[in-house]
There are 2 protein chains.
Amino acid sequence: MNKIDLRPYLEGRGLRRSLRRERVAEVFLNQKGHLTAEELLALVRRRDKKIGLATVYRTLKLLTDCGLAVERKFNRPVSTFEPLFPGRHHDHLICLGCGAIVEFENPSIEALQEEVALKHRFTASHHVLDLYGYCRKCRPKVSGSGKKP
Amino acid sequence: MNKIDLRPYLEGRGLRRSLRRERVAEVFLNQKGHLTAEELLALVRRRDKKIGLATVYRTLKLLTDCGLAVERKFNRPVSTFEPLFPGRHHDHLICLGCGAIVEFENPSIEALQEEVALKHRFTASHHVLDLYGYCRKCRPKVSGSGKKP
DNA sequence: TTTAGTGCAAACTCTTTGCAGCTAA
DNA sequence: TTAGCTGCAAAGAGTTTGCACTAAA
């Protein structure tokens, strides 16, 4: 169980610890997926029937401010949140057919990105790399043309 | 003036040409920025006072379906649209300070991405690479440490 | 006792859609 | 003449916020 102590993040902001906030954070930080606020709500409700959507949003915002989460909008209107662990990073392959999300890591790409930032005199903070396409199952049938893969 | 003929995209879809649609497409395809629907509406209204927001959205959707535009959601709730020209592609450096967007191209990164997709048996369609950071002017001052500007 | 946290519902923002009239084919 | 296109306004979807109550410090 990935127990993260929120206290250092709360202190200095005049924030209190609260049962519900800790619960949301715990459930969120202990999964690897890409959750929407609604999905996270459903997970937390297994343990706490009365928790509301607003609290989930508020906690996700807090975690994002603390650098413990990232908010992503893939190709849909809903935001997807993902836990962020220092030093670890991955990018995404997104299937335009079935919506599957595959994570990957590629140090060579990371290095090149660093180079690009440097060349433009940017202090790199983070990045987002999404490769969209079709997974093997969803590969569209090309009619007529003998288009090569 | 970058005049693109929409006919090949309209035919076969049972769609008609229309003055307003052509106008929206023309204005959109002849700028390089990253426009929201509202911003595009304002631009088009300079020439056509009566055009509505819905038409702009509908046309942007059409262009996106045709592969002539991409919809992006940087870190805000509004969608940003950008014209897409076949064979040309660039990525973005986004300054977290002033919001400046710098475009760059890097064939080595592109090649590596292709490799990644292949390795995961994805048919790559397009990708999104955003590098977030601080430009030279906005580089944050780190208090306490003697970090040089 | 003070003030932050919470659920609920209303408000907000962005985008899509239904409809009646307009227009290309 | 037929069916797609349009503006308008209303509806939707996702997220934020105001408020009265609860609970941490």
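Just so it is clear, the model here is predicted, and its values are computed rather than measured. Per chain, numbering begins at 1; letters A, B, ... match sequence-line order.
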Inset, instruction - Taking only the side-chain nitrogens and oxygens of B:S18, find out if one of them lies under 4.0 Å from OP1 or OP2 of D:dT6. - result: yes
Round to a whole Å and report the spacing from [atom1] of [X] to [atom2] of [N].
X     : N      : atom1 : atom2 : result
A:K50 : D:dA23 : NZ    : C1'   : 14 Å
B:L15 : D:dT2  : CG    : P     : 20 Å
A:R76 : D:dA13 : CZ    : P     : 14 Å
B:R21 : D:dG4  : CZ    : P     : 11 Å

Rounded to the nearest 0.5 Å, what's the gap from [atom1] on [X] to [atom2] on [Y]? Could you check?
X      : Y      : atom1 : atom2 : answer
B:L63  : B:E71  : CG    : CD    : 12.0 Å
A:L15  : A:L6   : CG    : CG    : 10.0 Å
A:D130 : B:Q113 : CG    : CD    : 10.0 Å

Inset, instruction - Please work out if B:T36 contacts a base, only the sugar-phosphate, or nothing of the nucleic acid, heavy-atom cut-off 4.0 Å. - result: nothing
Inset, instruction - Determine the contact category for A:I51: base if any of its heavy atoms lies under 4.0 Å from a base atom, sugar-phosphate if only primed atoms, P, OP1 or OP2 are that close, otherwise nothing. - result: sugar-phosphate
Atom pairs, protein N/O to nucleotides 16-19 of chain C N/O, distance under 3.5 Å:
none

Inset, instruction - State whether a side-chain donor-acceptor pair under 3.5 Å links B:H89 with B:H127. - result: yes
